[in-house]
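The next block holds one structure in the form of structure tokens; read it before the comments.
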Amino acid sequence: MSTSPEEEHPVKAFGWAARDPSGHLSPFNFSRRSTGEEDVRFKVLYCGVCHSDLHSIKNDWGFSMYPLLPGHEIVGEVTEVGSKVKKVKVGDKVGVGCLVGACHSCESCSDDLENYCPKLILTYSSVYHDGTVTYGGYSDHMVANERYIIRFPDNMPLDGGAPLLCAGITVYSPLKYFGLDEPGKHIGIVGLGGLGHVAVKFAKAFGAKVTVISTSPSKKEEALRNLGADSFLVSRDQEQMQAAAGTLHGIIDTVSAVHPILPLLGLLKTHGKLILVGAPDKPLELPVFPLISGRKIVAGSGIGGMKETQEMIDFAAKHNITADIEVISTDYLNTAMERLAKNDVRYRFVIDIGNTLAATKP
Ligand code: NAP
Ligand code: ZN
Ligand code: ZN
């Protein structure tokens, strides 16, 4: 495409984008398409800051496209709907997560698993059907096909609910799919960050016993008292880890960096399942003997389909599950990214786009 991001579409838009792998974010003028007949346009009010946004602005995974405008935990208020839209109307509170498109004809799409469509289109740094690059939620408004619009339940706070659109579904989906949602299961959650802390809440809501496995002893009190975890293991403490050997039915591993999985496999019972959702930039070492000796499973899971995302948010609303957040203003974004890289957030930054983005417009 030879036209600039500012001119390729008819509707002016404004947000914060990274221009190169330094990851530095700054004000960015671009444009969005006009509202198509199946499209929903909304004013963005809040957007969560996922560790995937940080991986992406730094090009950790090698497929970032610049300028890169992140954000895939987006909530706001509908301002316009296309003539064929049935799901929502002007004024409704809605969200968009990690996906804005897929082929709608493959096996995965037919099974409501757009997230596993080979042609999936991510909310940012992806190429849309019209050939233009997608831009995420650190921006004044969004437009998306109604299939990718999530209805926000009335009693769900917009700021604390936003992170569920990625962090929530990413942990909810594997808990369900791998049968770790049955009451009485003993579940381990590795990494108490954005994903991990909501995983504790969902697992508890399913009736599980929950053990947090963390590198941060300072998170113990909060995990037990505020998040409702039943026990807490410091992963670097070999004695504690040995004492808990063979106790877990399943583990959701949310760690964002390369880390050893051998100690985690040791925590699993026979037939235990280690589900990897964290996305480190380099491969992990997979020791085979501990798998063979207990018929254990190591698997991965990526976000969730649209139907399940709606189910997850409705479940969360019913069980009063929201993320524990630190609301920030847009001009704090670069500091927030530095803090996220240092594991210094309890437990999710959420940008108050509605009240603070416009003031950063040059
Ligand atoms: P986050 O808030 O930064 O949390 C990650 C947690 O991992 C940290 O709080 C920390 O917990 C632990 N950790 C960090 N560095 C570590 C290290 N070197 N060794 C061991 N533990 C470490 O990140 P997030 O937003 O939850 O995202 C987590 C990962 O999931 C990222 O890689 C992200 O890209 C990925 N992700 C994947 C999907 C998917 O669909 N599969 C969706 C969203 C995000 P403790 O202090 O408790 O150790
Ligand atoms: Zn995410
Ligand atoms: Zn498909």
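Whatever order the structure lists them in is the order used to number ligands and atoms, beginning at 1.
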Is there a path from Tyr46 to Phe152 through hydrophobic residues (I, L, V, M, F, W, Y) whose side chains come within less than 4.5 Å of each other? yes
Any N/O/S atom from Cys117 (main chain or side chain) under 2.8 Å of the Zn ion (ligand 3)? yes
Relative to each other, are the rings of His197 and Tyr347 parallel, tilted or perpendicular (30° and 60° limits)? parallel
If we ignore hydrogens and angles and just use 3.5 Å, is the side chain of Arg236 paired with the main-chain N or O of Val234 as donor and acceptor? no
So between Ser52, Cys50, Pro163, Gly302, whose heavy atom ends up nearest atom 34 (O) of ligand 1? Ser52
For Lys93, is there an ion pair with Asp154 - N to carboxylate O distance below 4.0 angstrom? no
Hey, which atoms in ligand 1 end up nearer than 4.0 Å to a heavy atom of Ser214? 45 (P), 46 (O), 47 (O), 48 (O)
Is the closest heavy atom of Ala167 to ligand 1 under 4.0 Å? no
Presence of N, O or S from His72 under 2.8 Å of the Zn ion (ligand 2): yes
Between Lys201 and Asp324, is the closest basic N to carboxylate O distance under 4.0 Å? yes
Decide whether an N or O pair under 3.5 Å exists between Gly196 and ligand 1. no
Contact check, Trp61 vs ligand 1, heavy-atom distance below 4.0 Å: yes
Between Ser301 and ligand 1, find which residue part has any heavy-atom pair under 4.0 Å and reply side chain, backbone, both or neither. backbone
Would a hydrophobic clustering, with Ile, Leu, Val, Met, Phe, Trp and Tyr connected at side-chain separations under 4.5 Å, put Leu164 with Val210? yes
Between Ile275, Asp60, Leu54, Thr170, flag the one that comes closest to atom 42 (C) of ligand 1 by a heavy atom. Thr170
Select one of side chain, backbone, both or neither to describe which atoms of Ala257 lie under 4.0 Å from any atom of ligand 1, heavy atoms only. side chain
Can you tell me the angle formed at the Zn ion (ligand 3) by SG of Cys109 and SG of Cys103, to 10°? 120°
So for ligand 1, is His55 a polar contact partner (N or O within less than 3.5 Å, distance only)? yes
To which protein heavy atom is atom 25 (O) of ligand 1 closest, and what is the distance rounded to 0.1 Å? Arg348 NH1, 2.6 Å
Check whether Ser301 reaches the backbone of Val277 with its side chain - one donor and one acceptor, N or O, closer than 3.5 Å. no
Among side-chain atoms of Glu338 and Asn334, is any donor-acceptor pair under 3.5 angstrom? no
Closest approach of any protein heavy atom to atom 40 (O) of ligand 1, naming residue and atom: Ile303 N, 2.8 Å
Given Gly191, Gly168, Ser235, which has its nearest heavy atom closest to atom 6 (C) of ligand 1? Gly191
A student comparing Leu340, Leu195, Asn343, Asp253 should find that the heavy atom closest to atom 26 (O) of ligand 1 comes from Leu195
For atom 14 (C) of ligand 1, what is the nearest protein heavy atom, given as residue, atom name and distance? Ser256 OG, 3.7 Å
Of all the non-hydrogen atoms in the protein, which one sits nearest to atom 43 (C) of ligand 1, and at what distance? Cys166 SG, 3.3 Å
Specify the protein heavy atom at minimum distance from atom 28 (C) of ligand 1: its residue, its atom name, and the distance to 0.1 Å. Thr254 O, 3.0 Å
Take the angle between the ring planes of Tyr148 and His104 and call it parallel below 30°, perpendicular above 60°, tilted in between. parallel
protein heavy-atom neighbour closest to atom 46 (O) of ligand 1 works out as Ser216 OG, 2.5 Å
Does a side-chain N-to-carboxylate-O contact under 4.0 Å join Asp281 and Lys58? no
How close does the nearest protein non-hydrogen atom get to atom 2 (O) of ligand 1, and which residue and atom is it? Gly194 N, 2.8 Å
Atom 20 (C) of ligand 1: nearest protein contact (heavy atom, Å): Thr215 CG2, 3.4 Å
In terms of the angle between their ring planes, are His51 and His55 parallel, tilted or perpendicular, with boundaries placed at 30° and 60°? tilted
Backbone or side chain, does His51 get an N/O/S atom under 2.8 Å to the Zn ion (ligand 2)? no
I need the contact type for His51 against ligand 1. Using non-hydrogen atoms and a strict under-4.0 Å cut-off, is it side chain, backbone, both or neither? both
Applying side-chain contact (heavy atoms from CB on, under 4.5 Å) between Ser126 and each of Val100, Thr134, Leu120, Leu99, report the one that passes. Thr134
Salt-bridged, Arg147 to Glu114, with N to O below 4.0 Å? yes
Between Ser125 and Ser64, do the side chains contain a donor N or O and an acceptor N or O under 3.5 Å apart? no
Heavy-atom proximity to atom 21 (N) of ligand 1, picking from Leu192, Val190, Asp344, Val255, points to Val255
If you count the non-hydrogen atoms of other residues, nucleotides and ligands that lie under 6.0 Å from NZ in Lys220, is the total more than 12? no
